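Nothing here was measured: the structure is a model prediction, and the numbers come from that model. Within every chain, numbering begins at 1; the chains are lettered A, B, ... in the order of the sequence lines, protein sequences first and strands thereafter.
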There are 2 protein chains.
Amino acid sequence: MGDLPNLPKSEMQVARIVWRLGEASVRQVFEALPSQRDLDFYTVQTYLRRLEAKGYLKKRRDGRTNVYLPAVKPQRVIRQVVDDVVDRLFDGNSMPLVQHLIDERNLTKADLDALQAKLDELKTRSRKG
Amino acid sequence: MGDLPNLPKSEMQVARIVWRLGEASVRQVFEALPSQRDLDFYTVQTYLRRLEAKGYLKKRRDGRTNVYLPAVKPQRVIRQVVDDVVDRLFDGNSMPLVQHLIDERNLTKADLDALQAKLDELKTRSRKG
DNA sequence: ATTCCACACGTTCATTTGAACGCAATGTAT
DNA sequence: ATACATTGCGTTCAAATGAACGTGTGGAAT
């Protein structure tokens, strides 16, 4: 249950690449950076090291290179970040955030349909459960 | 449309109190702090000063004390923070966040109903629009 | 008028974050 | 075997953040 250390913006960006790739060396992460985001190789290295120190990533040795892989499930991190924002913005209530998302982002028709489907599903489940 | 400066966690907590109160002196904010959160009076003072410097709050003089009040609408800040988290977590797609909220937070029946109502409303509107 | 308190303002200070180096060690190509 | 290129690891550095202090001043109570 121990809360994870802070996961700042820049480091998370790097962490997400590892999540996506499953596992990756510094270079692989470096090369997988979105083109807009141009960080020095050294910097990527530093962030990965920090992520390991904080317990977000594990390190494996492959020859002389380190291969980083997730140490915690993305789900957990997402949850934490969302918790945090919900706390900060809405005193811990999720609903206002949902409302905001639906009101202020213009979701596509497809999105709304998906949402409807999910609602139907939940309704069914609660009727049964 | 200029982006607002960073609004860190601790400072936002203080800013929200001002939003809620409409306007407030340092002491009022200090006293309105949730009991869990115990900051020094000085610290509150510092945060308010920074918030003013960043353009989130305005300052008015009332006798010898400063009274702080919002300089930007909370809506704007909320939007910015949510944008940020959506970018960081889901590459800018709101839907996954909505999904997460519905799946992982257990919303109450009432919440779901409210959601359904909103969906219905949107559906109607899009049919007309 | 004097004392005292509260406040503004300027300052400080440690930690974290964002970003990058340098060098020694290790591999790879020749 | 030698040279070259890549890494790991330790370090650095500035800016941002979290938190608090000290002094001077201006009002309020005596």
> Return one dot-bracket line describing DNA chain C 5' to 3' (Watson-Crick or G-U wobble pairs, both distances under 3.5 Å; ( ) same strand, [ ] crossing, | another strand, . none).
||||||||||||||||||||||||||||||
> Let me know the distance between CG of A/N6 and C1' of C/dT15, rounded to the nearest Å.
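Distance check: A/N6 CG to C/dT15 C1' gives 11 Å.
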> For residues 55-64 of chain A, tabulate all N or O donor-acceptor pairs below 3.5 Å that involve a side-chain atom, not counting sequence neighbours.
{"from": "A/Y56", "atom 1": "OH", "to": "A/P5", "atom 2": "O", "distance (Å)": "2.4"}
{"from": "A/R60", "atom 1": "NH2", "to": "A/E23", "atom 2": "OE1", "distance (Å)": "3.3"}
{"from": "A/R60", "atom 1": "NH2", "to": "A/E23", "atom 2": "OE2", "distance (Å)": "2.4"}
{"from": "A/R61", "atom 1": "NE", "to": "A/N66", "atom 2": "OD1", "distance (Å)": "3.0"}

> With heavy-atom distances below 4.5 Å as the criterion, would you say the side chains of B/L115 and A/I102 are in contact?
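A side-chain contact under 4.5 Å exists here.
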> For DNA chain D, find the residues of residues 47-66 of chain B with a heavy-atom distance under 4.0 Å and give them by number; none if there aren't any.
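Residues of residues 47-66 of chain B that come under 4.0 Å of DNA chain D are, in numerical order, B/Y47, B/R50, B/K54, B/R64.
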> Rounded to whole angstrom units, what separation is found between the CG atom of A/D40 and the C1' atom of D/dT7?
14 Å
> Less than 3.5 Å between a donor and an acceptor, one on the side chain of B/T46 and one on the base of D/dA20, is that the case here?
yes
> Could you pull out all residues at least two apart from B/S35 that satisfy side-chain hydrogen bond (donor to acceptor under 3.5 Å, both in side chains)?
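Applying side-chain hydrogen bond (donor to acceptor under 3.5 Å, both in side chains) to B/S35 gives none.
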> What nucleic acid atoms does A/S10 come within less than 4.0 Å of, heavy atoms only: base, sugar-phosphate, or nothing?
sugar-phosphate
> So which pairs with a foot in residues 89-98 of chain A pass salt bridge (charged side-chain N to carboxylate O under 4.0 Å, His left out), sequence neighbours left out?
A/D91-B/R16
> Can you tell me how far P of C/dC7 sits from CD of B/Q28, to the nearest Å?
10 Å
> Quick check on D/dA20: is either OP1 or OP2 less than 4.0 Å from any side-chain nitrogen or oxygen of B/T43?
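For B/T43, the contact criterion (side-chain N or O under 4.0 Å from OP1 or OP2 of D/dA20) is met.
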> Residues in side-chain hydrogen bond (donor to acceptor under 3.5 Å, both in side chains) with B/S94, at least two apart?
none
> Name the closest nucleotide to the B/K9 side chain, picking from D/dG18, C/dA19, D/dC21.
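For the B/K9 side chain, the nearest candidate turns out to be D/dG18.
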> Who passes side-chain hydrogen bond (donor to acceptor under 3.5 Å, both in side chains) against B/E31, sequence neighbours left out?
none
> Check salt bridge (Lys or Arg N to Asp or Glu O under 4.0 Å) between B/D103 and all other residues, then give those that pass, not counting sequence neighbours.
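Only A/K118 meet the salt bridge (Lys or Arg N to Asp or Glu O under 4.0 Å) criterion with B/D103.
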> Using heavy atoms and a sub-4.0 Å distance, could you list which residues of residues 11-21 of chain B are near DNA chain D? By number, please.
none
> Which one, D/dA20, C/dA19, C/dC7, comes nearest to the side chain of A/R37?
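For the A/R37 side chain, the nearest candidate turns out to be C/dA19.
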> Among all residues two or more places apart in sequence or in another chain, which pass the salt bridge (Lys or Arg N to Asp or Glu O under 4.0 Å) test with B/R105?
A/D83
> Starting from P on C/dT17, measure out to CG on A/L7 and report it in whole angstrom.
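Distance check: A/L7 CG to C/dT17 P gives 9 Å.
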> Which residues pass the ring pair (Phe, Tyr, Trp, His ring centres under 6.0 Å) test with B/F41, sequence neighbours left out?
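Ring pair (Phe, Tyr, Trp, His ring centres under 6.0 Å) list for B/F41, sorted by chain: B/F30.
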> Could you check how far OH of A/Y42 sits from P of D/dA5, rounded to whole Å?
13 Å
> Give the rounded distance in Å between these two atoms: CZ of B/F41 and C1' of D/dC21.
13 Å
> Counting just side-chain N and O atoms, does B/Q45 come under 4.0 Å of either OP1 or OP2 of C/dC9?
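No, because none of the side-chain N or O atoms of B/Q45 sits under 4.0 Å from OP1 or OP2 of C/dC9.
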> Not counting sequence neighbours, which residues clear salt bridge (Lys or Arg N to Asp or Glu O under 4.0 Å) with A/K73? List them please.
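Counting only residues at least two positions away or on another chain, A/K73 forms no salt bridge (Lys or Arg N to Asp or Glu O under 4.0 Å).
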> Phosphate oxygens OP1/OP2 of D/dA5: is one of them under 4.0 Å from a side-chain N or O of A/R27?
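No, no such contact exists.
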> Would you give the length of the straight line joining atom CG of A/N106 to atom CG of A/D111, rounded to the nearest 0.5 angstrom?
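Taking CG in A/N106 and CG in A/D111, the distance rounds to 10.0 Å.
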> For the atom pair CG (A/L4) and NZ (A/K54), what is the distance rounded to the nearest 0.5 Å?
10.5 Å
